[in-house]
Number of protein chains: 2
Amino acid sequence: MSDTWKKPIRKSGAVPMYIQVAEILDTAVKSRGDATYALPSEGELSREFGVSRVTVRQALKQLETRGVIYSEHGRGYFKTASRMRGVSGFHSFTSEVRRLGGTPSSAIIDYRDGEKLPARFQGHLEASSDNSADFIFLRRVRSIDGNPVAIEDAYLPARLYPSATRAIFEGSSLYDEMTSTWGIVPTWTDALFEPVAANAEEAALLQIAEGSPVITVWRVTVTDTDQAVEYVRSVYKGDGFMLNVNRYRL
Amino acid sequence: MSDTWKKPIRKSGAVPMYIQVAEILDTAVKSRGDATYALPSEGELSREFGVSRVTVRQALKQLETRGVIYSEHGRGYFKTASRMRGVSGFHSFTSEVRRLGGTPSSAIIDYRDGEKLPARFQGHLEASSDNSADFIFLRRVRSIDGNPVAIEDAYLPARLYPSATRAIFEGSSLYDEMTSTWGIVPTWTDALFEPVAANAEEAALLQIAEGSPVITVWRVTVTDTDQAVEYVRSVYKGDGFMLNVNRYRL
DNA sequence: GAGTGGTCTAGACCACTCG
DNA sequence: GAGTGGTCTAGACCACTCC
C-alpha cells in the first residue's frame with residue numbers, strides 16, 4: 001500500500017494538505033475490499049507525504065469521524081469492516097443500488113415552483129423557516145430493475161437554488177447537483193420514521209396494494225453551518241426492499 | 001457564559017484537558033435552551049482555561065463532529081439549533097420520552113442465556129461473528145404512558161458480558177449498564193428499516209390489530225474499535241408514535 | 001485594521017502494545 | 001525496548017468577516 005502514491009501533496013495549493021492526504025488514504029483504503037487491515041503508521045505517512053505528523057493525524061482523524069478507519073493505542077490504524085446491506089435512504093440511491101448489483105432509475109414525475117412548505121413538516125421537524133418563503137417542489141419515483149421502491153417529495157428553499165430548472169435535476173443526483181451547481185454541501189440530516197398503510201395514490205405509484213405497510217420518512221437536511229437546504233418526505237415500500245441507515249454515531 | 005466556569009481544568013490528571021474543556025462547553029451550551037448563539041472565541045477560551053489554542057480547538061472540533069456546534073470562518077463558533085421530535089430508536093428511550101413530556105417504562109419479558117444469533121441477522125447485517133458463539137437474549141417491551149410502542153429483542157455476545165444476570169438489566173438503561181459495568185462504549189450503529197404488517201404475537205404485545213403497519217429495525221452496534229457489542233431487532237408501532245434518527249452525518 | 005477561525009510546523013513527553 | 005498512537009505546547013502565517 002505504501003508505494004501506490006508518490007507524494008503528490010501540493011503545498012500552498014488551494015486544497016489543504018490534510019485534505020489531500022485524507023482523500024488519498026480514503027480511496028486507497030476503499031479500493032482494497034471489505035476486510036480490515038492495518039494502515040501505515042503516523043510516522044511512516046508523515047515521511048511518505050513529507051508533511052508533519054500533526055497534519056497526518058488531522059487527516060486520519062477526519063477518516064475516523066467518518067467511520068472509515070479506527071485507531072488502537074499502541075497498535076495502529078485499521079480499516080473498519082463493511083457491514084452494508086440494503087439501500088440507504090440518505091445517501092446516493094444510484095450508487096447504492098449499483099453496489100448491490102441492481103439497476104437504479106429515477107424519474108421526476110412532478111416539478112413546481114413557488115410552493116409553500118406543507119404544515120406537516122413544521123409539526124414533524126421543527127422547521128425554522130418562515131412560512132412565506134418559496135420552495136421548489138420535486139417529486140421523484142425511484143426504481144430498482146424497473147420496480148418502483150420509493151416516492152420522494154423534496155422541498156428546496158428557492159432562494160438557495162437560483163435559476164433552477166426541472167432539466168437540471170433530470171440528469172444527475174440531487175446532492176451532486178446541489179454541490180456542483182450551487183456549492184451547497186449537505187452534511188447532517190434529521191429524520192422521522194413512521195409506519196403507515198399506503199393510500200391509493202402511493203399504492204398506485206409503488207405498484208402495491210392499497211393498505212400495504214410502507215414507511216414514511218420526514219426529514220430535513222442541513223449544511224455544516226446548520227442551514228436547512230432540503231425538506232423531504234419519502235415513502236418506501238417493503239417486500240424485499242430495505243432502507244438502511246449506516247454508520248450512525250451514537 | 002464566560003464566567004460560569006472557573007478554570008477547573010486539571011493538568012496532568014487522568015482526563016485529558018481537551019476532554020474536560022469539551023465537557024464543560026457541552027453542558028454550558030446545552031443548559032441554554034434551543035436557540036443558537038455564539039460561543040467565546042478560541043483565544044478567549046484559551047486564556048480562560050489556561051490551555052493552548054490547539055487544545056481548545058481539539059475540544060471544539062470534538063463538539064463539532066458531534067453536531068453540537070459549528071464554526072464559521074472569520075465569525076466564530078455557534079450552537080446548532082435543536083430539531084428534535086419523536087423518540088429516537090438509537091438513543092436512550094427513557095430520556096427521550098421524558099424530554100417530550102411522557103412517562104416511559106420498559107419491561108423485560110424474556111431473558112435467556114446460551115442463545116445463538118438467529119440466521120436472519122447474518123443475512124441482514126453481515127454479522128461477522130462465528131455461528132457457534134453464545135449470546136444473551138433480552139426481550140423488552142417499551143411503553144409511553146402505559147401504552148406499548150416497541151418490542152426490542154437484543155442479542156449480546158456472552159463473552160463480552162461476564163456474570164450478566166437478568167437483574168442487572170432490570171433497572172437502568174442497557175447502554176448505561178454496558179459502559180458502567182463492562183466498560184463497553186457503543187459508538188456506531190448500522191441499521192435496516194423494513195415496513196411490515198404486524199403478526200399475531202407482535203400485535204398482541206403492542207396492543208394493535210394483527211396486520212397493522214409496523215417498522216422492523218435490524219441493527220448492529222459497534223464500539224470505536226469496530227467490535228460488535230449488540231444485535232437488535234425492534235418492532236415499532238405507528239399511530240402517533242414516530243421513530244427518529246437524529247444528526248445523521250451524510 | 002482588528003478579530004476570528006483554518007492550516008501547518010517542530011518538538012516534547014506520555015501511555016500502550018508486542019516481542 | 002522499540003514502535004505505536006495520545007496529548008500538549010508556542011509560534012507562525014493565512015483567509016475570512018465586519019466595521
Side-chain angles (χ1 to χ4, degrees), chain A residues 1-2 7 9-23 25 36-65 68-80 183 185 187 223-227, chain B residues 1-2 7 9-23 25 36-65 68-80 183 185 187 223-227:
Chain A
M1 168 165 186
S2 24
K7 303 193 204 174
I9 303 299
R10 284 176 300 278
K11 280 172 143 57
S12 78
V15 183
M17 295 195 282
Y18 80 90
I19 301 265
Q20 299 178 48
V21 172
E23 282 176 1
L25 291 177
T36 114
Y37 63 94
L39 276 73
S41 73
E42 293 180 353
E44 245 176 289
L45 292 169
S46 170
R47 286 187 298 277
E48 295 251 6
F49 288 113
V51 300
S52 78
R53 191 182 151 209
V54 180
T55 301
V56 165
R57 276 179 67 81
Q58 207 173 351
L60 291 168
K61 288 309 157 199
Q62 206 193 48
L63 297 179
E64 204 169 8
T65 67
V68 176
I69 60 174
Y70 62 91
S71 63
E72 287 190 41
H73 197 170
R75 304 222 311 130
Y77 287 85
F78 304 88
K79 180 190 195 304
T80 54
V185 183
T187 307
T223 62
D224 58 344
T225 56
D226 213 32
Q227 185 170 43
Chain B
M1 168 164 185
S2 23
K7 303 194 207 176
I9 302 300
R10 285 175 301 278
K11 280 173 144 56
S12 78
V15 182
M17 295 194 282
Y18 79 90
I19 302 264
Q20 300 179 49
V21 172
E23 280 176 1
L25 292 177
T36 114
Y37 63 93
L39 276 74
S41 72
E42 293 181 354
E44 245 176 288
L45 292 170
S46 171
R47 286 188 297 277
E48 296 252 5
F49 288 113
V51 300
S52 78
R53 191 183 150 209
V54 179
T55 301
V56 166
R57 276 179 66 80
Q58 207 173 352
L60 291 168
K61 288 309 156 198
Q62 206 193 48
L63 297 179
E64 205 170 8
T65 67
V68 176
I69 60 174
Y70 64 91
S71 63
E72 286 190 42
H73 196 169
R75 304 221 312 131
Y77 287 86
F78 304 89
K79 179 188 195 306
T80 54
V185 183
T187 306
T223 62
D224 59 343
T225 55
D226 212 32
Q227 187 169 41

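Within every chain, numbering begins at 1; the chains are lettered A, B, ... in the order of the sequence lines, protein sequences first and strands thereafter. Just the heavy atoms: all of them, side chains too, but no hydrogens, waters or symmetry mates, feed the values below.
The distance from atom OH of Y18(B) to atom P of dT9(D) is 13 Å, rounded to the nearest whole Å. Atom-to-atom, CD of Q62(B) to P of dG6(D) comes out at 13 Å; the value is rounded to the nearest Å. Rounded to whole Å, atom P of dT7(D) lies 10 Å from atom CD of E64(A). Taking atom CE on M17(A) and atom C1' on dC8(C), their separation rounds to 6 Å, with Å as the unit.
In this structure, CG on L39(A) lies 11.0 Å from OG on S71(A), to the nearest 0.5 angstrom. We find the CD-CG distance between E23(B) and L63(B) to be 9.5 Å, quoted to the nearest 0.5 Å. Taking CD from E64(A) and OG1 from T80(A), the interatomic distance works out to 10.0 Å, rounded to the nearest 0.5 Å. Considering CG of L60(A) and CG of L25(A), their distance stands at 6.0 Å, rounded to 0.5 Å.
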Every protein N/O within reach of nucleotides 2-5 of chain C N/O, cut-off under 3.5 Å:
from	atom 1	to	atom 2	distance (Å)
dG3(C)	N2	G74(B)	O	3.2
dG5(C)	OP1	E42(B)	N	3.4
dG5(C)	OP2	E42(B)	N	2.8
dG5(C)	N2	H73(B)	NE2	3.2
dG5(C)	N3	H73(B)	NE2	3.3

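Nearest heavy atoms, K11(B) versus M17(B): CG-SD, 3.6 Å. A59(B) and V21(B) make their closest contact through CB-CG1, 3.7 Å (heavy atoms, listed as atom of the first residue, atom of the second, distance). Between Q62(A) and I19(A), the shortest heavy-atom distance links the atoms NE2-CD1, 3.9 Å.
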Quick one: the dot-bracket string of DNA chain C, using Watson-Crick and G-U wobble pairs with both distances under 3.5 Å, [ ] for crossing pairs and | for bases paired to another strand. ||||||||||||||||||.

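Residue T55(B) places at least one side-chain N or O under 4.0 Å from the OP1 or OP2 atom of dT9(D). Taking 4.0 angstrom as the limit, K11(B) places a side-chain polar atom (N or O) nearer than this to OP1 or OP2 of dT9(D).
Y70(B) places a side-chain heavy atom less than 4.5 Å from the side chain of T225(A).
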